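Contents: one structure, followed by commentary.
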Amino acid sequence: MNELARMTAVKKSYDGKKQVLSGLDFSISLGETALIHGTSGCGKSTFLNIVGLLDSYSDGEYTFNGIPIIPKKLNSYYKQRAMDIGFVFQNYSLIDSISVRENILMPYLYNNQYIDKTVMINMDKLLEEFNIAELKNTKTSLLSGGERQRVAIIRAMIKNPKLIIADEPTGNLDETNSRLVFNAFKKIAERGTAVVAVTHNKHLSLGLGRTYTLEEGELRLC
Ligand SMILES: Nc1ncnc2c1ncn2[C@@H]1O[C@H](COP(=O)(O)OP(=O)(O)OP(=O)(O)O)[C@@H](O)[C@H]1O
Ligand SMILES: [Mg+2]
């Protein structure tokens, strides 16, 4: 498999205080999944933010898609962030007053990018795949939590990113909806996208990849 991201001995401390990550090693390939567990405050979101090029690290090395990521130049990776990485969060981050379709197309509307036929076809395919095709023109405020999260996942997928990052994506969902969301992630990985997801729920599994516990600033295989 094609390696997409590799971290070697990555350290992170905020404002020079206590180290949150203390020499963490991690790698993921296209089509692979990584599920991260860990107690509250152990550094899971910190780790995800670094993987997703949203935050810098203090020491070590990080290579994403063949590019060595230099912490001081984080702002220069906006293209990788916009094109190669899709983000999914616990609170969905959708706009309630507009339709499912408009939310999904937001990454294009936001950047004033032309939406061609391929994008629309891709959207319809994803809506079918995640069983919410009939909700396409529905106002997002009318959706259930599980439906909302699937919309958020499709929005993250619409630009065919190489990596999906999900921080507690099922934190607000019941068991049934959590499974639907995780099944969606499995499908995403089968399409060749890498998925890194953090969850408190130990019953959920992504099936295709590794499960880690983040402990004492390092990732340990479960
Ligand atoms: N911007 C920040 N400035 C200073 N300290 C921070 C910052 N962000 C996180 N921290 C601290 O770093 C540690 C790890 O936080 P992080 O949010 O990564 O944990 P987490 O594992 O995601 O927790 P949770 O499961 O509650 O979401 C915590 O002690 C937190 O207080
Ligand atoms: Mg967190």
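Everything numeric here is computed off the predicted structure, so don't read it as measured data. Order of listing sets the numbers, starting from 1, for every ligand and every atom in it. One-based numbering along the sequence shown.
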Polar contacts were defined as any N/O atom of the residue lying under 3.5 Å from an N/O atom of the ligand; does this apply to Cys42 and ligand 1?
yes
Give me the nearest non-hydrogen protein atom to atom 27 (O) of ligand 1 as residue plus atom name, then the distance to 0.1 Å.
Ser45 OG, 4.0 Å
Test of understanding: clusters of I, L, V, M, F, W, Y form through side-chain heavy atoms closer than 4.5 Å, transitively. Do Ile98 and Met120 belong to the same one?
yes
Is the backbone N or O of Leu173 less than 3.5 Å from a side-chain atom of Thr170, with the two atoms forming a donor-acceptor pair by type?
no
Are Phe47 and Phe26, when compared by the centres of their aromatic rings, separated by less than 6.0 Å?
yes
For Val20, the ligand 1 atoms whose distance to one of its heavy atoms is below 4.0 Å:
12 (O), 13 (C), 14 (C)
Please confirm whether Lys12 makes a cation-pi placement over Tyr14, using NZ or CZ under 6.0 Å from the six-membered ring centre and within 45° of the ring normal.
yes
Evaluate side-chain hydrogen bond (donor to acceptor under 3.5 Å, both in side chains) for Asp167 paired with Ser45, printing each intermediate quantity in order.
CA-CA 7 Å; Asp167 198 349; Ser45 296; 2.6 Å; yes
Within the stated cut-off of 2.8 Å, is an N/O/S atom of Ser40 closer than that to the Mg ion (ligand 2)?
no
Is there a path from Ile121 to Met123 through hydrophobic residues (I, L, V, M, F, W, Y) whose side chains come within less than 4.5 Å of each other?
no
At what distance, to the nearest 0.5 angstrom, does CD1 of Ile36 lie from CG of Leu219?
5.0 Å
Looking at ligand 1, is there an atom of it that comes within less than 4.0 Å of some heavy atom belonging to Gly38?
no
Residue part near ligand 1, for Thr46, under 4.0 Å between non-hydrogen atoms:
both
Within 4.0 Å of atom 6 (C) of ligand 1 (strictly less), any protein heavy atom?
yes
for atom 9 (C) of ligand 1, nearest protein heavy atom and its distance come out as Tyr14 CE1, 3.3 Å
Ring of Tyr108, cation from Lys159 - is the NZ or CZ under 6.0 Å from the centre and inside 45° of the axis?
yes
Measure the distance from atom 26 (O) of ligand 1 to every protein heavy atom, then report the residue, atom name and distance (to 0.1 Å) of the closest one.
Ser40 OG, 2.6 Å
Taking N or O atoms only and a 3.5 Å limit, does Lys44 qualify as a polar contact for ligand 1?
yes
If you scan protein heavy atoms around atom 28 (C) of ligand 1, the nearest is Gly41 O, 3.7 Å
Look at atom 31 (O) of ligand 1 and say whether a protein heavy atom is found at less than 4.0 angstrom from it.
no
Is there a side chain to side chain contact (heavy atoms under 4.5 Å, CB included) between Ile104 and Leu127 once you walk through the steps?
CA-CA 10 Å; Ile104 292 171; Leu127 283 162; 3.9 Å; yes
Check ligand 1 against His200 and write out every atom of the ligand that is under 4.0 Å from a heavy-atom position of the residue.
25 (O)
